[in-house]
Participant: 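Got a structure for you, written out below as structure tokens; questions coming shortly.
Sequential numbering from 1 along the given sequence is applied to the chain's residues. Quick caveat, the model's predicted, so the values are computed rather than measured. Ligands are counted one by one from 1 in listed order, and the atoms in each one are counted from 1 as well.
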Amino acid sequence: MDSIFAPKSSSTSTLSSPAFISRFLEASSSRKFSSLTFVGSRPIRYSSYSTTFSMVSNDVSKPKIISGDFGYVLEDVPHFTDYIPGLATCSNPLQDNPAYSVVKQYFVHVDDSVPQKIVAHKDSPRGIHFRRAGPRQKVYFDSDEVHACIVTCGGLCPGLNTVIREIVYSLYHMYGVSRVLGIEGGYRGFYARNTTALTPKVVNDIHKRGGTILGTSRGGHDTSKIVDSIQDRGINQVYIIGGDGTQKGASVIFEEIRRRGLKVVVAGIPKTIDNDIPVIDKSFGFDTAVEEAQRAINAAHVEAESVENGIGLVKLMGRYSELYVSRWELPEYVHVDLSSKLHGWEILNVAPLWFIAMYATLASRDVDCCLIPESPFYLDGEGGLFEYIEKQLKENGHMVIVIAEGAGQELLSESKQSRNQQDASGNKLLQDVGLWISHRIKDYFSRQKTMAINLKYIDPTYMIRAVPSNASDNVYCTLLAQSAVHGAMAGYTGFTSGLVNGRQTYIPFYRIIEKQNNVVITDRMWARLLSSTNQPSFMSDKDVTEENISGGKKEEGPATQLLDNGNCADGVLGKKEVSSV
Ligand SMILES: Nc1ncnc2c1ncn2[C@@H]1O[C@H](COP(=O)(O)OP(=O)(O)O)[C@@H](O)[C@H]1O
Ligand SMILES: O=P(O)(O)OC[C@H]1O[C@](O)(COP(=O)(O)O)[C@@H](O)[C@@H]1O
Ligand SMILES: [Mg+2]
């Protein structure tokens, strides 16, 4: 008998979710589904559907995968009832809330789920779904019982304060909770810093400020000490706002809490202006950052077109999330592929983090060339950057170049040692590609003596993320925060609240922190950018087929074919494309 949860002999592939799910979908779509036998399966029957759903594991430490007809798969989130028996519930206080009482169906149906891929073919299986977020009829906490805390970790992102504010407001005004603590200075603050009492009055206008009123940090932390502190303080809802590193930390904290059998919710709210978190459409703060980035591009354009042979060069944040050293223990089901290679470097995790550069370029229309890490470029010779600059200057008299901070690192890294430097959290430290390339361009033209150029380098760096969030991000932050609170009150835990195809969902941590293995420069969005800027792709067919389509993995199909990742394939870019275009 074969269990789809049975660990494989390979040390790294205990459960890589996409691989596992595609095996599962393959089986179901090829009609082998009904004859699959699962060891330790615990069938669950939902009364509202005539369909039989099967949950294929009764081991609480394994992902909860629920299958249904026609290849339906629900990647569910953990719930208190998975590991704490006999918990009492009470009616959701929202039913007496005047704001909600006018809404006909204000509680989310227990079986509501949101598909991960919305582009389907007539015969495709229904595919992976996530639990829909929102208020539930029954809650697992009395209002008086709740003692919540909020922590922000990692780099800044516009909207952090809005999320903090809205969690506090949701807890107070929707659920009558009055004990919310702010943990200062990131994860370590749980055991090394003071806490702040957060009330609606305290957080009332913090959304108008950039940064986070709680402070943040990078670097390691001690999971046991955090959970001890949670236990000692009697905290039972932990809201963790942060990026990919933070969500990994949250997952480990959740594991420890579950191991100790505590009735404590761990809810993540994903934060990343880099878009390095899988599954979700995009992070809060991204629109604001793109808007700010555009200001720098506008300035570069104004400078460039005001002088003869003017070049405006803008460097924008966006790096690979390469984790060279994993200094924390990840849960065993998290798949890391140590053999991934890009530009010949050993990497654990690759994600496309140049979204700001790409979207700001597309939005501005003033950019003639956008350089990103996933699309390697070269400077000299035919088809190189210098040749393109010369051509542009001859034709237009000026040009604007945008470069993502992670781009071209392989060109300017002098030694392996400098390439492998990391920040306190294990993120690769990037060298200043903007400064480097501006020197190279100046050198080239002074050597050539064909034309005198006038280059202005603008590096807005932290300005794009230190600003308060804009209107649309504020709305997004509000919905994320409310969803997280609804999920926590309903007893869900170990989840990240995230937007999938425009709907609020609860995504299990293992999906948020899993390795992203597709860096698809053959995505439609990149093609759209190339046609908008009219820049050369700097790539030969050979490069496209072998190296850079998917982080070193070969894709099937012709080299130059655009992969239709519009939520149909597993491509990271495709899913983001659909939500934003
Ligand atoms: N692989 C990991 N496992 C567990 N915790 C991590 C991991 N990476 C980072 N963290 C924790 O998350 C915090 C923030 O991570 P960092 O990478 O700096 O920012 P971000 O969350 O924005 O990506 C760090 O201070 C660290 O305590
Ligand atoms: O804040 P630091 O440590 O200077 O790091 C800068 C990095 O932070 C970011 O702004 C965000 O990164 P995180 O999401 O990992 O916090 C990156 O775009 C940038 O490379
Ligand atoms: Mg990060």
Participant: Would you call R165 and D205 a salt bridge, taking side-chain N to carboxylate O under 4.0 Å as the test?
Facilitator: no

Participant: Which residue from T152, T246, D244 reaches closest to atom 21 (O) of ligand 1 through any of its heavy atoms?
Facilitator: T246

Participant: Judging by distance only, is a nitrogen or oxygen of V252 under 3.5 angstrom from one on ligand 1?
Facilitator: no

Participant: Between H79 and Y492, what is the ring plane arrangement, given parallel below 30°, perpendicular above 60°, and tilted in between?
Facilitator: perpendicular

Participant: Keeping T361 on the side-chain end and A357 on the backbone end, is there a donor-acceptor pair under 3.5 Å?
Facilitator: yes

Participant: Distance under 4.0 Å to a non-hydrogen atom of Y462: what atoms of ligand 2 satisfy this?
Facilitator: 1 (O), 2 (P), 4 (O)

Participant: Hey, is ligand 1 close enough to K248 that some N/O pair sits below 3.5 Å?
Facilitator: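 There is no such contact.
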
Participant: Return yes if some donor-acceptor pair links the side-chain N/O of R188 with the main-chain N/O of G220 below 3.5 Å, else return no.
Facilitator: yes

Participant: Please work out whether any backbone atom (N, CA, C, O) or any side-chain heavy atom from C-beta onward of Q247 is under 4.0 Å from ligand 1, and answer side chain, backbone, both or neither.
Facilitator: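 None of Q247 does.
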
Participant: Just jot down the side-chain contact (heavy atoms from CB on, under 4.5 Å) partners of E256, sequence neighbours excluded, or say none.
Facilitator: T223, V227, R259, R260

Participant: For S217, which part has a heavy atom under 4.0 Å from ligand 1: side chain, backbone, both, or neither?
Facilitator: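 Near ligand 1, S217 shows its backbone, while the atoms from C-beta on stay back.
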
Participant: Tell me whether K282 is salt-bridged to D287, with the criterion being a basic N under 4.0 Å from an acidic carboxylate O.
Facilitator: yes

Participant: Which ligand 2 atoms does K271 reach within 4.0 Å, using its non-hydrogen atoms?
Facilitator: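 Under 4.0 Å from K271, ligand 2 has these atoms: 13 (P), 14 (O), 16 (O).
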
Participant: Just to verify, what does K442 make a side-chain contact (heavy atoms from CB on, under 4.5 Å) with, not counting sequence neighbours?
Facilitator: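 K442: side-chain contact (heavy atoms from CB on, under 4.5 Å) contacts with I453, L455.
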
Participant: Pick whichever of G245, S251, A424 has a heavy atom sitting closest to atom 9 (C) of ligand 1.
Facilitator: G245

Participant: Nearest 0.5 angstrom please: I235 CD1 to S229 OG, how far?
Facilitator: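 Nearest 0.5 Å value for the CD1-OG distance: 5.5 Å.
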
Participant: Taking the N/O/S atoms of D244 one by one, which is nearest to the Mg ion (ligand 3)?
Facilitator: OD1

Participant: If you measure every N or O of Y187 against every N or O of ligand 1, does any of those distances drop under 3.5 Å?
Facilitator: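 No; the residue has no nitrogen or oxygen that sits under 3.5 Å from a nitrogen or oxygen of the ligand.
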
Participant: Using heavy-atom distances only, which candidate in R218, R465, E405 approaches atom 20 (O) of ligand 2 most closely?
Facilitator: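 The residue whose heavy atom sits nearest atom 20 (O) of ligand 2 is E405.
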
Participant: May I ask whether G155 places a heavy atom under 4.0 Å from ligand 2?
Facilitator: yes

Participant: Could you tell me if T152 and T212 have a donor-acceptor pair between their side chains, going purely by distance under 3.5 Å?
Facilitator: yes

Participant: Is it the case that ligand 1 has an N or O less than 3.5 angstrom from some N or O of G154?
Facilitator: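 No.
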
